[in-house]
Amino acid sequence: IFFSNWSRKLRGPLVLLWKAMTKPFYVTTPIYYVNAQPHIGHIYTTLIADTLARYHRLLGEDVYFMTGTDEHGQKIERAAEAKGVDPQQFCDGISGEFKDAFNKMNMQYDYFIRTSDESHMSEVQKMWMKLESEGYIELGTHEGWYCVSDEAFCTELQVMDVEKDGKTIKVSRESGHPVEWIIEENFKFKLSAFQDRLLEFYEANPNWITPAFRQREVEAFVKKDLLDLSVSRKQKICKWAIPVPAETKHKTEEQHCVYVWLDALTNYVTAAEQRQRDPAHSDKVNCWPADAHIIGKDIMKFHAIYWPAFLMAAKLPLPKRLVVHGWWTKDGMKISKSLGNAFDPVEKATEFGLDALRYFLLRESSFSDDGDYSDVNMTSRLNGELADNLGNLMLRCVSRTINKDAAVPEPGEYTEEDKTLINVVNELPGAVDLKMQDADIQNALVKIFEVLIKCNQYVTQQEPWVLAKKDPERLRTVLYMMIESMRIVALLLSPVMPEKGRLILDAMGVPPELRVGREVLKFGALKGGTKFPEGDPPVLFPKKTKPKPEAKPVKKEADDVTAFDIRVGKIVSVKKHDTADTLYVEKVDLGEGEPRQIVSGLVNHVPVDKMQDAMVLVICNLAAANLKGVESNGMVLCAGDADGKLELLTLPVGSEVGQRVTFPPLEGAGYIEGVPVAKRKVQKLMKDFKTDDNGLVCWKEAKFTLPSGSVLATIKNGIVK
C-alpha cells in the first residue's frame, strides 16, 4: 500500500537515480582521416551510429554518440605542405567539412573528437605509459617496407612489383599504394604476446563481430604468427604527431612520436573520459566500454586485433561489439576517380529528401555485402515504400474528409479483425528490438514495413471512406486503429527518419510524453479526444519521375586477361560424377542467387572434404560445356606443377563470394556481360597463366588481385589451369 501510494510521486526521482546508476549506451564511429573530403563511406558509417543512438534514446536510455577526425601522421604533414599551409590549419579545414556534412545529414552526435585536441594528447600519453609499465612496449629497430598512404608497415609478402610510368615500383598488395624501404629505431608493442589471449576472447565471444563471418576471418588471421607492432616514428621523420612521453624509461638520442594507430584508437577512451569530466555527467557511470564500434571492413584488422590487444595490455575492458559494414558501389560499379562516378550524398539528400536518402542507405545495404546506389533504385523505394505505403497511410489517418473532427476518436468495441492487427502491432516493438540490439537495421526496417503493409491492407478491407457515410460509430474504431498503429510505426521509424517521424507524430497530435520510452510502444497509449493541429497535413514524400537507365556504350572484348570474368566462389556442395571417376560435380555460390553447376577433374588431386566449402576462383564467362553428360558452367582454377599435381588456389583472408579479380597494372573489365569468351581465345590467354617465384598467381606479369590481397599457390613457377 505504501509503495502504491508513493510510487507516482517517486517515479521522477527514481528514474533519474536509475539513469545515474546505469551505464550509458556508448556508440562510436571511427575517427575519419583528414586526407580527403567526406564521402558516402563516411556518411554511411556515421548514419548507422546515429540511427542506433537515436533508437536507444527512443527507448529512454542515456546515450553517448561520438565521432570525429584523425589528424596526425606523415601523410597529413605532406598534404599540408603541398597546400602551402601548416598541418593544424589543414586539419581545421577538413575537420570543419566533416562537421558540416554530418550536420547537413542530421547526425545527432554528442561529441566530436579531434586527435589534435590537447585532451586527447594527454590520454594517448597515459595509454603509452600504462602499456610500458605493464612491459608491453620495448625499444627496438624496424627494417622493412612502409606505406605512407596507409600509415602501415608491410612484410615482404604484403608488397608486390607493378609498372608505373615506365618504372617498376613496390606497392602494398592490400591497398595498391606505393611503399618505401625504411630502417629506423622505434618502439614496438608486443602484439605477439596476445595471440592466445585474442583467440580465447574470440572463442568466448563468438558474436563479438557483426556479421559473424568477419570474426571467422579475424580468427584465421590471428592463428598465423602475430608480429610485434611498431608504435613510434622518429619525430624528425614525422613531426605532426603526439610526442612519446618524456617519462618513458627508454631514453633515446632522438625524440620519438606515437605512431598513428595507437594514437587514433585511443580516441574512444579519450571521448569516454571527456564525458566523465563534464559536470553534467561526472556523477554517472562511466560509459566505457563502448557498446558498439561502427567501422568499415577496410579497418577491421586494426579494431579487431590491435585495439583489443592494447586494451588487454592496459587492463581495460574491451568494447562489447564491432559492427563491420561493406563498401558502396554506384550503378553496379566500384566508385573511383578514374571512372568519375563518385556521388555526393548531401546533394542526393537535397534531390530526394534527407530522410528518404537515410532510409534508402540503411534499407538497401546489409552488412554482409557491399551496397549499391542508383537513382533508379532510390526512386523506386521513394515512390513505393515511402510515398505509397507510409505517406498514404499517414494521410488517411488525418484526412479531414474522413476524420471530420480532426482528432483521435474514442474507439468502440474491437472486432476480431481489430484484435488481430492489435496483436501484430504490439509484437512489432519486440521484433524490431531483437534486430536493433544486433545492429541489424536493414531487417528491422523489413519488419516495420511488413506491419505497415498489414495496416494498409486493414484500411483497404475496412473502407473508412465508406464508413464515413454509412457507419460513423464503426468509423471511430477504425480510425483509432489506424492512428494508433501509425503512431507506433512512426516512433520505430524515427531513428532512421527523424524529421518525417516527427512530422507524422505532429500531424496526429501525439504529445511529447508518448514519444519516448519502451512503455509508449504499446497499443492503446494514445487517448481519444487528442486534437490534430490546424492546417493541412504535410505530404511526406513527393514522388519522383523514375530516371531512364543510361544507355551503355557498345563494348569491345579485350585481348588480354581482362576478357575473363573471374570471381570468388564458394563450393556449397560437391559429389563425384556418376560415370567419370576423375570428375567432381560442384555447386558453386558466386553471388548470383542460385549456385552454378561446375564439373572439375580434381578427384585424384583434392579430397572431397577439402572441396566442400572451399573458397575458389572461377572463370564465369565461358560457354557451357557438356562433360560426360553433365553440363558445366564455368571453370575452377587450380595451380599445377611439372609432375601434373594440382591444387586449389589460396585466396587472401577477407575474400568474399562474388568479388572479381583484377590484374594490375591492367585496368578495367574487358569482358562483355553475357557473352562467353571464344574457346580458341580461352586457350590462347590461358597459356600465360602461371605462378611466379613467390607462388603469386599471374597472367604474364599481371598479378591476380582481390580487394583483400593477391592470390597465391604453394606451387611456385607452376601453371594455372
Side-chain angles (χ1 to χ4, degrees), residues 30-35 68-83 85-92 94-95 113-134 136-154 177 179-191 227-270 273 299 302 306-307 309-310 313-314:
I31 46 174
Y32 302 113
Y33 210 38
V34 293
N35 62 324
T69 45
D70 181 6
E71 303 184 5
H72 288 132
Q74 195 174 12
K75 183 163 54 172
I76 302 304
E77 193 176 323
R78 291 182 181 180
E81 186 179 348
K83 292 278 188 181
V85 297
D86 66 74
Q88 186 66 64
Q89 186 179 354
F90 178 84
C91 292
D92 290 346
I94 304 294
S95 184
I113 191 172
R114 297 180 59 186
T115 56
S116 58
D117 293 340
E118 287 291 330
S119 58
H120 179 64
M121 179 186 296
S122 172
E123 289 299 328
V124 170
Q125 292 184 329
K126 284 182 193 173
M127 176 68 82
W128 180 283
M129 294 307 299
K130 179 63 175 174
L131 298 182
E132 185 181 286
S133 68
E134 295 292 336
Y136 291 113
I137 289 182
E138 295 290 346
L139 187 62
T141 301
H142 182 84
E143 180 174 352
W145 297 107
Y146 180 71
C147 180
V148 174
S149 294
D150 301 337
E151 301 278 9
F153 292 94
C154 301
H177 296 143
V179 298
E180 54 192 47
W181 186 262
I182 64 168
I183 303 173
E184 66 180 50
E185 175 190 68
N186 63 16
F187 289 92
K188 287 182 177 273
F189 172 75
K190 294 181 180 179
L191 183 64
L227 302 176
D228 289 345
L229 189 65
S230 294
V231 289
S232 79
R233 302 292 308 276
K234 286 186 177 179
Q235 200 163 46
K236 70 177 183 181
I237 297 170
C238 182
K239 302 179 183 65
W240 181 241
I242 295 174
V244 167
E247 310 93 278
T248 177
K249 66 181 180 182
H250 303 289
K251 302 306 176 186
T252 58
E253 291 184 7
E254 298 180 65
Q255 176 68 50
H256 283 243
C257 58
V258 180
Y259 181 51
V260 66
W261 279 107
L262 179 55
D263 167 4
L265 290 165
T266 303
N267 91 89
Y268 302 122
V269 172
T270 301
E273 288 301 312
I299 55 173
F302 307 104
Y306 299 173
W307 183 223
F310 292 158

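Note that the structure is predicted; figures quoted are calculated from it, not measured. In this chain, residues are counted from 1 in sequence order.
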Exercise. Measure across I113 and I31 and return the closest heavy-atom pair with its distance rounded to 0.1 Å.
Key: CG2-CG2, 3.5 Å

Going by the rule side-chain contact (heavy atoms from CB on, under 4.5 Å), which residues pair with [X] if we only count those two or more places apart in sequence or in a different chain?
X: A79; value: F90
X: E81; value: none
X: L139; value: E185, F187, H250, T252
X: E118; value: M121

According to salt bridge (Lys or Arg N to Asp or Glu O under 4.0 Å), who are the partners of [X], at least two apart in sequence or on a separate chain?
X: D92; result: R114
X: K83; result: none
X: E253; result: none

Exercise. Only counting residues at least two apart or in another chain, list the ones meeting ring-ring contact (aromatic ring centres under 6.0 Å, His included) with Y33.
Key: none

With [X] via side-chain hydrogen bond (donor to acceptor under 3.5 Å, both in side chains) - residues at least two apart:
X: Q125; result: none
X: D86; result: none
X: K126; result: E123

Exercise. Kindly say whether W240 contributes a backbone atom to a donor-acceptor pair with the side chain of E77 at under 3.5 angstrom?
Key: yes

Quiz item: Where the side chain of W128 meets the backbone of I137, is there a donor-acceptor pair that is under 3.5 Å apart?
Solution: no

Practice problem: Just do the side chain to side chain donor-acceptor pair (under 3.5 Å) check on N186 and S232 with the steps written out, would you? | Solution: CA-CA 5 Å; N186 63 16; S232 79; 5.2 Å; no

Please list, one pair per line, the donor and acceptor atoms closer than 3.5 Å that link side chains of residues 260-269 to other protein atoms, with sequence neighbours excluded.
unit_1: D263; atom_1: OD1; unit_2: H120; atom_2: NE2; d: 2.7
unit_1: D263; atom_1: OD2; unit_2: H72; atom_2: ND1; d: 2.7
unit_1: T266; atom_1: OG1; unit_2: L262; atom_2: O; d: 2.6
unit_1: N267; atom_1: ND2; unit_2: A264; atom_2: O; d: 2.6
unit_1: Y268; atom_1: OH; unit_2: H303; atom_2: NE2; d: 2.7

